[in-house]
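Below, chain A is the first sequence line, B the second, and so on; all start at residue 1.
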Amino acid sequence: MLRAADQPLPVLCLAGPTGSGKTELALQLSRRLGCEVINTDSRQVYADFPIICAQPRPEELSQCPHHLYGKLKIEEKISAGQWCSMAEDCIREVLRRGHVPLLVGGTGMYFHTLLHGMAPIPAIDPRLRAQLEARVESEGPEKLHAELGAIDPDYAIRIHPHDRQRIVRALEVAAQTGHTLSWWHAQKSLQSPRAQGPLFVFQAPMTWLEPRLKRRIDQMLEMGALEEAQKAYTLCADGEAPGWSAIGCAELLAFLQGRLSFENCLALWYQNTRAYAKRQNTWFRGRKEAIFFPAEASDQFLSQAEDAWQNLCAQSLGNASGGRHA
RNA sequence: GCCGAGAUAGCUCAGUAGGUAGAGCGGGGGCCUGAAAAGCCCUGUGUCAGCAGUUCAAUUCUGUUUCUCGGCA
């Protein structure tokens, strides 16, 4: 091997808002380059919602190897860190087989962890988090935000006093590790990127996306989304479980529990999907490293991705394994 | 037909002891370092149903018309 073990691994990344056609494009690229697709979506890792979370369908999965899809039970938690190390292992194996690791999904932060690295913060004791969450509940977020201000003013100033999630995160890290989040984040030498490669982002304006999102919900229902939710409900009736938090799942659960009419369930489902797509667009728009390409120009993407991979191989792998010659 | 209750932001509604109005949701914009399909922030002028009257001043009071929802016929 020419490269040290911690050298960033060469990858191709395909991101974009939900429903923009990433799955299909990934398969097209795979036909050209010989890819293995690695899921970069925080909800498609769950096993019991393949339809509602828009995992690739069986006939799509069979076209090339796919990884990290449908792995977790509804009660199991995933985090960006866990995903990142699973993805890293996966990428290594794909490269070893001489294939192209193609990361496909819509979870911006997951791409970020892989391409920019993460602070090696140890796992936090869930009881500690539960305690802090209870305190936020009873004492109010402002109080804990003020406490955070006393120990980690740099981070406190960056987050809003109402941002319970981040306040709890910062406090639990400080309490358990003895170092503040700011300190961890400043340790740049400890968080080198796990992978390197172009981040292609499917640019999909909302006016183009809206009808597709609407249609897709109907298609999901035709494919058995409701039955999928019913079945999942028998496996796990706890609506608070991590797997239920996906858009579509939460709304169908509310319907199954009689908290929503079917009509309102569908309306909410669409509304939340749309809002999510907007948030994704906002996230990706802000990425400096992103290479955008418009919805119609899939051939443009395919040739760009192909070129990018050749360059990556030349520059980062030399004649080591992992390259594929055109 | 009669009797009640309504008519205020895209939706659901609050309010003004008369000085032209505000919440939630939606919509729009943004943030994002281990829950990220999560979490969080910013953003509200609308003939206050129409017409007439009282008044310096009416969305607010009075009359009337229209419409909606109940009840009685």
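- Look at the P atom in both G46(B) and A9(B): the space between them is 11 Å, to the nearest Å.
- A close approach under 4.0 Å does not occur between any side-chain nitrogen or oxygen of Q44(A) and OP1 or OP2 of A37(B).
- At the heavy-atom level, F284(A) lies nowhere under 4.0 Å from the strands shown.
- Remark: the T273(A) side chain and the R216(A) side chain contain no N/O donor-acceptor pair separated by less than 3.5 Å.
- The interatomic distance linking Y276(A) (OH) with A38(B) (P) rounds to 8 Å, in whole Å.
- Comparing A14(B) with A73(B), their C1' atoms are spaced 36 Å from each other, to the whole Å.
- Nearest-nucleotide mapping onto RNA chain B: of I124(A) and T282(A), the residue sitting toward the 5' end is T282(A).
- Considering only side-chain N and O atoms, R274(A) lies under 4.0 angstrom from the phosphate OP1 or OP2 of G27(B).
- Not a single donor-acceptor pair, N or O on each side, falls under 3.5 Å between the base of G39(B) and the side chain of R164(A).
- Here, C40(B) and G26(B) have their P atoms 13 Å apart, quoted to the whole Å.
- Projected onto RNA chain B by closest heavy-atom contact, A80(A) and A54(A) fall at different nucleotides, the more 5' of which corresponds to A80(A).
- For R166(A) and U33(B), the shortest distance from a side-chain N or O to OP1 or OP2 is below 4.0 Å.
- Residue E133(A) places a side-chain atom within donor-acceptor reach of the base of A35(B), judged by atom type and a 3.5 Å distance cut-off alone.
- As judged by a 4.0 angstrom heavy-atom cut-off over every strand, R158(A) is placed among residues touching the sugar-phosphate backbone only.
- If you take atom C1' in A58(B) and the same atom in G53(B), they sit 11 Å apart, rounded to whole Å.
- Using a 4.0 Å heavy-atom criterion, one finds that N272(A) contacts no nucleic acid atom at all.
- C53(A) comes within contact range of at least one nucleobase, with a heavy-atom separation under 4.0 Å.
- Heavy atoms only, all atoms of each residue included: R169(A) and L181(A) are closest at CG-CD1, 4.2 Å.
- Between the H185(A) side chain and the A119(A) main chain, no donor and acceptor come within less than 3.5 Å of each other.
- Judged by distance alone, the side chains of T113(A) and W83(A) never bring a donor and an acceptor atom under 3.5 Å apart.
- The phosphate of A35(B) has neither OP1 nor OP2 within less than 4.0 Å of any side-chain N or O from R43(A).
- Ion pairing between a basic and an acidic side chain is recognised when a charged N comes within 4.0 Å of a carboxylate O; R92(A) and E88(A) show such pairing.
- Lacking a ring centre under 5.5 Å from that of the base six-membered ring together with a plane angle below 30°, H162(A) does not count as stacked on C41(B).
- Scanning both residues, V94(A) and E36(A), for their nearest heavy atoms gives CG2-OE1, 3.5 Å.
- For A37(B), one of the phosphate oxygens OP1 or OP2 lies less than 4.0 angstrom from a side-chain nitrogen or oxygen of T107(A).
- Note on W283(A): a base of the nucleic acid sits closer than 4.0 angstrom, heavy atoms only.
- The same atom, P, is picked in G1(B) and in C61(B); the two are 27 Å apart, to the nearest Å.
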